[in-house]
Chemist: 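Could you have a look at this structure, given as structure tokens, before my questions?
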There are 2 protein chains.
Amino acid sequence: MFQGEYTNNMDDKGRINIPAPFRDVLQKSYAEPIVIIARDPQNPCLRVYPQQEWKRLLAKVGARPSNDRIVQAFKRTVISSAQEYSPDKQGRVLIPQNLRDYAGVGKSTVFAGSLDTFEIWDANAWDTQLASSLALLQNQDLDF
Amino acid sequence: MFQGEYTNNMDDKGRINIPAPFRDVLQKSYAEPIVIIARDPQNPCLRVYPQQEWKRLLAKVGARPSNDRIVQAFKRTVISSAQEYSPDKQGRVLIPQNLRDYAGVGKSTVFAGSLDTFEIWDANAWDTQLASSLALLQNQDLDF
DNA sequence: ATAAATTACCCACAATTACCCACTATGCGC
DNA sequence: GCGCATAGTGGGTAATTGTGGGTAATTTAT
């Protein structure tokens, strides 16, 4: 389970270090360092999947009629952008330019755990998102 | 059951000592010193869960539709911030910077029992919160 | 085919964190 | 009041994690 929030810097070459706790989860729960990075269709961030979770997603999409407009849009935005990456010896991955642009990631980036997957945000975008999420929850009657 | 209010100091490295009575509860009722620390979405404080209680919360969240806006906001604020910690030999945990910022904790911090969980407050924030909680109760017709 | 650019791989340093030990303060029993 | 036990605090050291950068390999363009 990916949990926790970590801030790491992208270097000049476009590489970012996957936080060690996340690498541990990949190693222990999935026995593979390989991840799939794709656009998140509903937020200006990237979503990172362990191979297994990605396959599960593909299976779900495959179960839907392929002429469905939503499915088509999903394929175009998410699946087309997805690529496999294996981290280098230091645990870093190179984020390609198109994905960097999509999420607007600058130097300071935030990794946010989201259980089966985790997200990569530009630090500023994360802050504003966090503020609005908190505002939304403020007057809610949460039963958990 | 976590009860009572204790004041402890955070040291320069960002570590705070979990009060001994709380450590006892963790040991006796949960048989595990490990805790999960996360943002409290509705108050400027951190909430500390024994592993079991955290799992219970995750189960509740998982039972809700994941496209629910509230659920999403909850994941971003609470789950993404959550981290597991096992106290060091002296019973201390290191609070990461982002959580320290969120709760605005300075040197003097308050631990407040909250039955299944407990809270960590900045001492000043705790005082003001306490005052307004008391004010709220002032003219209530309490049947307990 | 050659040159330029990009990417992968490796090494080294810096910063942070985990772990351990020692000291101080406080409460409790005698 | 004195000593003992427990709780809380401070700090040093070693290991881990994060960051920067060089060089070789690969790809792309000319």
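Order of the sequence lines fixes the chain letters, A, B, ..., with proteins taken first and strands second; residue numbering starts at 1 for each chain. When reading the values below, keep in mind they use all heavy atoms of this one structure, side chains included, and skip hydrogens, waters and symmetry mates. The structure presented is a predicted model; accordingly, all values stated were derived computationally and were not measured.
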Chemist: Can the ring centres of Y49(A) and F118(A) be said to be less than 6.0 Å apart?
Modeler: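 So the answer is no for these two rings.
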
Chemist: Do D11(B) and K107(B) sit within salt-bridge range, that is, some charged N less than 4.0 Å from a carboxylate O?
Modeler: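 Result for this pair is no, no salt bridge flagged.
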
Chemist: Measure CG/L94(A) against P/dG20(D) and give the value in whole Å, please.
Modeler: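 Computing the L94(A):CG to dG20(D):P distance gives 15 Å.
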
Chemist: Do R23(A) and N17(A) pair up side chain to side chain, a donor and an acceptor below 3.5 Å, judged on atom types alone?
Modeler: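 Yes, side-chain donor-acceptor contact under 3.5 Å.
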
Chemist: Nearest-Å distance, CG (N98(A)) to P (dT6(C))?
Modeler: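 The answer, rounded to whole Å, is 15 Å.
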
Chemist: Are there over 12 heavy-atom neighbours, none belonging to D12(B), within less than 6.0 Å of that residue's CG?
Modeler: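 Not buried by this count: 12 neighbours or fewer within 6.0 Å.
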
Chemist: Can you tell me how far C1' of dT17(C) sits from CD1 of I16(B), to the nearest Å?
Modeler: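 My rounded result for the distance is 16 Å.
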
Chemist: Answer whether the closest heavy-atom distance between the side chains of Q129(B) and W121(B) falls below 4.5 Å.
Modeler: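 They are in contact (side-chain heavy atoms under 4.5 Å apart), so the answer is yes.
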
Chemist: Nearest whole angstrom, please: distance from the C1' of dT17(C) to the CD of Q83(B).
Modeler: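 So the two atoms are 12 Å apart, to the nearest Å.
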
Chemist: Once you round it to whole Å, what is the distance between P of dT17(D) and CD of Q27(A)?
Modeler: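 Checked: the CD to P distance equals 12 Å.
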
Chemist: Give the minimum heavy-atom separation between K60(B) and D143(A), together with the two atoms involved.
Modeler: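 Between these two residues, the closest heavy atoms are NZ-O, 3.4 Å.
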
Chemist: Whole-Å distance between dT6(C) C1' and R100(A) CZ?
Modeler: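 From R100(A) CZ to dT6(C) C1': 11 Å.
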
Chemist: Give the B/S/- string for nucleotides 3-15 of chain D, one per nucleotide from 5' to 3', where a protein heavy atom under 4.0 Å of the base yields B, of only the sugar-phosphate yields S, and otherwise -.
Modeler: ----SBBBBB---

Chemist: What is the distance, to the nearest angstrom, from the CD atom on E84(A) to the P atom on dT7(C)?
Modeler: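 One finds 18 Å between P of dT7(C) and CD of E84(A), rounded.
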
Chemist: Distance check needed: dT16(C) P versus I95(B) CD1, whole Å only.
Modeler: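 Computing the I95(B):CD1 to dT16(C):P distance gives 18 Å.
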
